[in-house]
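Have a look at the structure below, then the notes.
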Amino acid sequence: MSATQMALPFQVPGASTLPDLSTYDRILVAFSGGKDSICCLLRLLELGVPKDRIELHHHLVDSMGHNLFDWPVTESYCRKFAQAFGLPIYMSWLEGGLEREMCRKDQPKAPTHFQTPNGEQISGGQGKPGTRCKFPAKTADLKTRWCSSYLKIDVLSTAIANQSRFNHARTLVVTGERAQESAARAKYQSFEPHRTDRRDSPKLRRHIDHWRPVHSYTSEQVWEMIQRWGVLAHPAYYLDWGRLSCQFCIFGSPNQWASNAAISPERTKRLHQYEQEFQHTIDNKLSIPDMADKGTAYAAIHQNPDQLRLALSNEYTAPILIDPNTWTLPAGAFGESAGPT
Ligand code: SF4
């Protein structure tokens with residue numbers, strides 16, 4: 001276990017110490033492009049971690065070159081962010097993304113693709129055939145809410161477990177879950193061995209720790225950090241979304257379904273067609289059109305046409321870093337935070 005040295009600025013059960021960051025060969029930040037993952041990176045930099053030991057890892061929920069669930073601009077925003085901070089970013093994805101897994105019929109789980117310093121690698125895809133034909137469940141249980149595990153957590157684990165550069169080395173995986181987000185997340189440890197850790201294997205000696213550096217942070221503290229650095233947040237926050245999840249997150253609120261129906265009617269329709277095909281709605285009770293009818297589209301989607309255009313484009317063309325004195329809080333900063341529990 002890594003040495004612990006300094007006190008955290010904000011106290012939370014089980015999180016009274018910081019790992020000794022100087023002992024790691026590499027620090028991997030699971031970077032969604034959302035405010036919490038940005039805050040994780042900024043915290044590492046403020047703690048003095050040299051950039052040449054940090055790498056960002058982003059998981060493409062819809063896979064490479066395909067778009068159904070996610071904000072079209074997210075991949076580009078993440079790339080531009082990495083560029084602005086002079087950091088490497090590695091993309092990884094389950095082939096065919098969430099849509100292929102959701103539609104799987106008598107087929108094995110798709111292979112996982114992951115970028116590495118030496119190019120793209122592929123792993124898996126030879127498992128037993130199975131049938132899914134349903135949406136992920138709206139629950140904290142990652143076995144039935146399989147999108148988070150299949151499209152994100154397992155993808156990073158596959159990328160780590162299949163790169164020999166992580167063997168005989170010490171690696172820290174950093175993720176941005178916060179206790180304030182949900183009762184389930186409040187129970188997460190702020191520091192523990194990562195699920196890919198094999199430090200006791202004489203052959204691998206793969207030491208991987210997992211740290212959640214903003215677990216105790218409030219939303220206010222996260223935004224304060226982002227303002228201090230003058231980082232422009234993902235366009236979704238300027239459209240009133242309080243959290244950067246998939247654009248069509250299964251946990252979307254009625255207002256978000258109403259907003260999505262207004263700004264992305266084609267993808268809304270496609271997802272509802274799947275509800276009809278599967279005879280299974282994303283929500284436990286209501287169909288997508290019923291959810292949208294119950295909500296009111298966010299005013300910001302009409303008030304911020306430039307941000308809307310940006311959010312729905314494949315290319316992020318605004319700056320990432322601006323003068324902190326000119327930085328303003330996005331409309332959705334403290335808005336509805338519907339998202340993974
Ligand atoms: S953001 Fe929502 S839909 Fe996307 S992977 Fe997470 S829980 Fe699933």
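As the structure lists them, so they are numbered: ligands from 1, and atoms in each ligand from 1.
- Ring orientation note: the planes of Tyr77 and Tyr316 are nearly perpendicular, at an angle over 60° on the 30°/60° scale.
- A cation-pi geometry, defined here as NZ or CZ lying under 6.0 Å from the six-membered ring centre and within 45° of its normal, holds between Arg132 and Tyr150.
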Criterion salt bridge (charged side-chain N to carboxylate O under 4.0 Å, His left out) on Arg195 and Asp154, from CA distance to verdict
CA-CA 10 Å; Arg195 65 208 294 262; Asp154 292 354; 3.2 Å; yes
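- Note on Glu55 versus Arg165: salt bridge recorded, some NZ/NE/NH1/NH2 to OD/OE distance being below 4.0 Å.
- Against a heavy-atom cut-off of under 4.0 Å, Lys152 is close to the following atoms of ligand 1: 1 (S), 5 (S), 6 (Fe).
- Not a single N, O or S atom of Cys249, from either the backbone or the side chain, sits less than 2.8 Å from atom 8 (Fe) of ligand 1.
- Remark: ligand 1 atoms within the under-4.0 Å shell around heavy atoms of Ile250 are 2 (Fe), 3 (S).
- Contact atoms of ligand 1 toward Ser148: 6 (Fe), 7 (S) (distance under 4.0 Å to a heavy atom of the residue).
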